[in-house]
Amino acid sequence: QLQLVESGGGLVQAGGSLRLSCTASGRAASSYAMGWFRQVPGKERDFVAVISWLGDNTAYADSVKGRFALSKGDAKRTVYLQMNMLKPEDSAVYFCATTYRFGTTANLYNFWGQGTQVTVSS
């Protein structure tokens with residue numbers, strides 16, 4: 001069982017930057033990838049990005065490529081999502097999640113954080 005805690009959300013103007021972090025604690029069955037999803041009210045949770053356990057493989061949604069970047073902390077249990085050139089359409093609740101299978105669909109993910117709100121003003 002893993003517990004995930006996100007932080008770093010907030011309000012920023014369009015064109016600005018934010019860095020989200022997510023730290024996992026607890027015991028996992030094996031190494032896991034860590035991903036980010038986002039959700040706005042009334043819509044499905046959308047994939048944003050994922051990074052492998054070792055940090056040597058990443059994948060990004062087309063909508064964030066070139067603007068968002070993932071990295072991992074030294075202990076591998078923390079993942080950072082650096083978000084640059086933010087747009088109003090990036091506003092959402094951002095969720096961190098873990099998966100034993102590297103992927104981009106929410107149903108592959110086993111454990112989820114509570115989410116952190118990101119609001120980008122125009």
Side-chain angles (χ1 to χ4, degrees):
Q1 187 86 8
L2 288 174
Q3 295 80 43
L4 305 177
V5 177
E6 305 104 332
S7 63
L11 173 64
V12 64
Q13 288 188 333
S17 299
L18 281 175
R19 189 176 81 154
L20 305 183
S21 64
C22 173
T23 298
S25 61
R27 196 168 187 174
S30 65
S31 60
Y32 48 86
M34 298 180 76
W36 289 93
F37 289 75
R38 62 188 183 187
Q39 189 171 25
V40 297
K43 293 194 174 182
E44 292 186 352
R45 199 165 289 189
D46 292 331
F47 168 75
V48 175
V50 59
I51 187 167
S52 61
W53 171 254
L54 293 177
D56 55 351
N57 193 14
T58 56
Y60 296 91
D62 288 343
S63 59
V64 306
K65 279 181 183 176
R67 300 189 298 122
F68 290 12
L70 282 167
S71 60
K72 295 201 84 177
D74 291 341
K76 302 290 187 287
R77 284 176 168 257
T78 298
V79 62
Y80 303 100
L81 181 65
Q82 178 67 42
M83 305 186 296
N84 300 322
M85 296 181 287
L86 283 162
K87 305 174 182 179
E89 51 264 44
D90 293 318
S91 297
V93 177
Y94 282 70
F95 295 90
C96 175
T98 60
T99 176
Y100 297 123
R101 299 172 59 190
F102 188 89
T104 62
T105 55
N107 62 5
L108 294 177
Y109 287 73
N110 312 100
F111 302 105
W112 293 81
Q114 294 298 307
T116 184
Q117 177 71 47
V118 171
T119 303
V120 185
S121 63
S122 57

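Starting from 1, each residue takes its place in the sequence as its number.
Considering only heavy atoms from C-beta on, Met34 stays 4.5 Å or farther from Leu70 through its side chain. A heavy-atom distance below 4.5 Å is not found between the side chains of Met83 and Asp90. Residues Tyr94 and Glu6 form no side-chain contact, since every pair of their non-hydrogen atoms from C-beta on lies 4.5 Å or further apart. Two residues are said to be in side-chain contact when any heavy atoms from C-beta on lie closer than 4.5 Å; Gln82 and Asn84 meet this criterion. Looking only at side-chain heavy atoms (C-beta outward), Phe68 and Trp36 stay at 4.5 Å or farther from each other. You'll find the side chain of Val64 reaches within 4.5 Å of the side chain of Arg38, heavy atoms only.
Leu4 approaches Ala24 most closely through the heavy-atom pair CD2-CB, 3.3 Å. Contact detail for Phe47 and Ala59: the closest heavy-atom pair is CZ-O, 3.5 Å. Taking all atoms of both residues into account, the shortest heavy-atom contact from Ala33 to Phe102 is CB-CD1, 4.0 Å. Between Val40 and Ser91, the closest heavy-atom pair is CG1-O, 3.2 Å.
A distance of 10.5 Å separates CG of Leu81 from SG of Cys22, quoted to the nearest 0.5 Å. Taking OH of Tyr100 as the reference point, atom CG of Leu108 lies at 13.5 Å (rounded to 0.5 Å). Note: Gln13 CD to Ser122 OG = 9.5 Å, rounded to the nearest 0.5 Å. Rounded to the nearest 0.5 Å, atoms CG (Asn110) and CZ (Arg101) are 10.0 Å apart. The line from OG of Ser52 to NZ of Lys76 is 9.5 Å long, rounded to the nearest 0.5 Å. Between atom CZ of residue Phe111 and atom SG of residue Cys96 there is a gap of 12.5 Å, rounded to the nearest 0.5 Å.
Hydrophobic clustering places Leu20 together with Ile51 (ILVMFWY residues linked when any side-chain heavy atoms are closer than 4.5 Å, directly or through intermediates). When hydrophobic clusters are built by joining Ile, Leu, Val, Met, Phe, Trp and Tyr residues whose side-chain heavy atoms come closer than 4.5 Å, directly or via intermediates, Val12 is grouped together with Val48. Side-chain heavy atoms closer than 4.5 Å link hydrophobic residues (I, L, V, M, F, W, Y) into clusters, and following such links, possibly through other members, connects Tyr60 to Leu18.
The number of heavy atoms from other shown groups lying within 6.0 Å of CD (Glu89) is above 12.
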inquiry  = With side-chain hydrogen bond (donor to acceptor under 3.5 Å, both in side chains) as the criterion, how do Thr23 and Thr78 come out once you've worked through the C-alpha distance, each side chain's angles and the decisive distance to 0.1 Å?
reply    = CA-CA 4 Å; Thr23 298; Thr78 298; 3.1 Å; yes
task = Please report the C-alpha distance between Thr119 and Gln117 in whole Å, then the side-chain angles of each, then the deciding distance to 0.1 Å, and finally whether the side chain to side chain contact (heavy atoms under 4.5 Å, CB included) criterion is met.
result = CA-CA 6 Å; Thr119 303; Gln117 177 71 47; 3.4 Å; yes
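The aromatic ring centroids of Phe37 and Tyr109 lie less than 6.0 Å from each other.
Using a distance-only test at 3.5 Å, with no hydrogens or angles considered, a donor-acceptor pair links the side chain of Lys72 to the main chain of Trp53.
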